[in-house]
Protein chains: 2
Amino acid sequence: MTHSDTVSRILDSAESLFAERGFAETSLRSITAQAEVNLAAVNYHFGSKKSLIQAVFARFFTPFYQMIESSLDVHEKRYPDDILSVEEILKFVSRAISKVSEGDRRRLAIFMRLLGLAYNQGQGHLRKFLQNEYRAVSRRVMELITKATPELKAEERFWRIHFMLGAAAFTLSNMEHLRAIFEHDFNAPCTEEDVIAMLMPFLGAGVRAKSGL
Amino acid sequence: MTHSDTVSRILDSAESLFAERGFAETSLRSITAQAEVNLAAVNYHFGSKKSLIQAVFARFFTPFYQMIESSLDVHEKRYPDDILSVEEILKFVSRAISKVSEGDRRRLAIFMRLLGLAYNQGQGHLRKFLQNEYRAVSRRVMELITKATPELKAEERFWRIHFMLGAAAFTLSNMEHLRAIFEHDFNAPCTEEDVIAMLMPFLGAGVRAKSGL
DNA sequence: TCTTAATTCAAACGTCTGTTTCAAACATAC
DNA sequence: GTATGTTTGAAACAGACGTTTGAATTAAGA
């Protein structure tokens with residue numbers, strides 16, 4: 001068993017258990033048991049539980065943000081001065097998410113669940129960590145949205161961006177529960193892609209709503 | 001110190017600490033310390049930590065749902081057969097929230113934070129508890145929304161209701177953080193009422209968006 | 001006032017937590 | 001093969017946790 005094998009086995013187990021139970025509710029012992037590695041391996045390779053949590057996020061978010069960056073670069077090179085619509089911007093984001101979680105169906109749900117947890121657990125440590133770590137990309141997306149919604153006052157745009165983030169994070173992070181309820185109520189299947197396809201026009205119409213001020 | 005005094009002191013402390021840190025991250029010792037009561041009082045009066053958590057929610061949600069129920073009753077008696085718009089339905093809900101948290105500014109934030117946590121912590125125990133406990137009222141609101149959006153297919157309405165719930169729960173439960181960011185970025189004050197006023201048209205436009213199917 | 005029940009209190013219980021220790025096993029280079 | 005640095009392993013650590021106990025205190029009714 002090579003070094004990186006142990007590390008990634010820990011990350012795999014931590015990722016799924018964190019998404020399933022939350023951070024405080026997941027013990028290092030349950031992680032190392034599922035990963036079939038020694039308990040001490042976590043502190044040896046990551047230093048602490050806190051650092052492990054950050055490492056789990058970094059493994060998710062770094063390729064995600066890189067994907068957005070590069071696809072935006074490609075687009076801007078091909079169509080300079082093109083102004084994207086909100087829906088098109090969201091498409092870039094959702095495509096990046098799909099690419100990152102490619103192959104493993106479960107990873108999309110995990111990704112979103114972790115995003116939701118980052119905002120709701122641990123007194124905001126994770127939120128601050130992510131904000132500092134990926135400031136550049138979020139700035140860039142924010143500026144694109146600003147260009148896409150010139151009619152909005154900056155203050156109102158700020159809030160609407162967070163309304164969008166909230167609707168997306170909440171829905172997608174509870175995707176599994178909600179889909180179960182849906183399939184029970186309607187006796188019909190419903191894929192993640194279906195939900196995302198319905199989410200887009202909701203968000204688009206929301207940001208373009210007549211001002212409430 | 002009478003019986004109910006100890007009980008409500010525990011509930012007060014638990015409420016604010018849960019909202020601040022989450023459930024697993026809040027110990028009974030920190031709750032009883034802040035409440036200035038004995039540690040054993042929690043298990044004596046509530047039986048367990050789990051029951052205490054449910055009691056905290058019940059104290060919040062019972063008057064909240066009763067407020068909605070009664071105000072809807074009044075309205076339907078005065079204007080039978082009146083079909084409410086989505087915005088009007090949301091007004092009923094938000095007014096009920098305001099009434100319940102009347103007096104204490106902090107309670108609105110706590111209320112929402114708890115709602116967000118209920119969906120994101122503890123493997124969904126709380127979500128199920130709330131769903132079972134307050135099934136009647138949520139059904140009633142759902143039916144009103146159905147009447148308000150006859151053009152939507154039932155499946156799409158299901159998801160849009162949850163998109164709304166998500167945007168509201170996420171935004172309002174992170175209200176304190178978001179307001180801090182806002183006031184830093186814009187050097188301008190921003191009240192809870194301002195945010196809610198901006199949230200309404202966003203949600204209204206979202207549910208009325210052209211179908212994405 | 002005496003009795004009885006309800007409540008508070010300090011202390012302890014057993015269990016689980018993240019972390020540390022240090023020897024054993026491993027890999028790598030000379 | 002020996003020496004060196006890296007990784008694993010079993011065990012133990014100290015501390016925090018929710019819960020229980022049983023005696024002390026308070027409140028209430030007859």
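Below, all heavy atoms of this structure are taken into account, side chains as well, without hydrogens, waters or symmetry copies. All chains are named by letter (A, B, ...) in the order of the sequence lines, taking the proteins before the strands, and each is independently numbered beginning at 1.
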Problem set entry | 5' priority, DNA chain C, between B:A40 and A:S48 [closest heavy atom] | B:A40
Problem set entry | Side chains of A:D73 and A:S70, donor plus acceptor under 3.5 Å | no
Exercise. Hey, does the side chain of B:T6 come within less than 4.0 Å of C:dT7's phosphate (OP1/OP2), counting only N and O?
Worked result: no
For this session: For the residue pair B:F57 and B:F23, categorise the inter-ring angle as parallel (less than 30°), tilted (30 to 60°) or perpendicular (more than 60°).
Result: tilted
For this session: Answer yes or no: does a side-chain N or O of A:H45 lie under 4.0 Å from OP1 or OP2 of D:dT8?
Result: yes
Problem set entry | Within 6.0 angstrom of B:E69 CD, more than 12 heavy atoms from elsewhere | yes
Exercise. Which nucleotide in the set D:dT8, C:dT19, D:dT19 lies at the smallest distance from any side-chain heavy atom of A:N38?
Worked result: D:dT8
Problem set entry | Minimum-distance nucleotide (side-chain atoms of A:Y44 versus D:dT7, C:dT8, C:dG18) | D:dT7
For this session: Mind checking B:T26 for me? I need base, sugar-phosphate or nothing, with any heavy atom below 4.0 Å counting as a touch.
Result: sugar-phosphate
Exercise. Would B:R113 count as a cation-pi partner of B:F18, with NZ or CZ less than 6.0 Å from the six-membered ring centre and within 45° of the ring normal?
Worked result: no
Exercise. Using a cut-off of 4.0 Å on non-hydrogen atoms, how would the nucleic acid contact of B:A41 be classed: base, sugar-phosphate, or nothing?
Worked result: nothing
Exercise. Would one find a side-chain N or O of A:S27 under 4.0 angstrom from OP1 or OP2 of C:dT17?
Worked result: yes
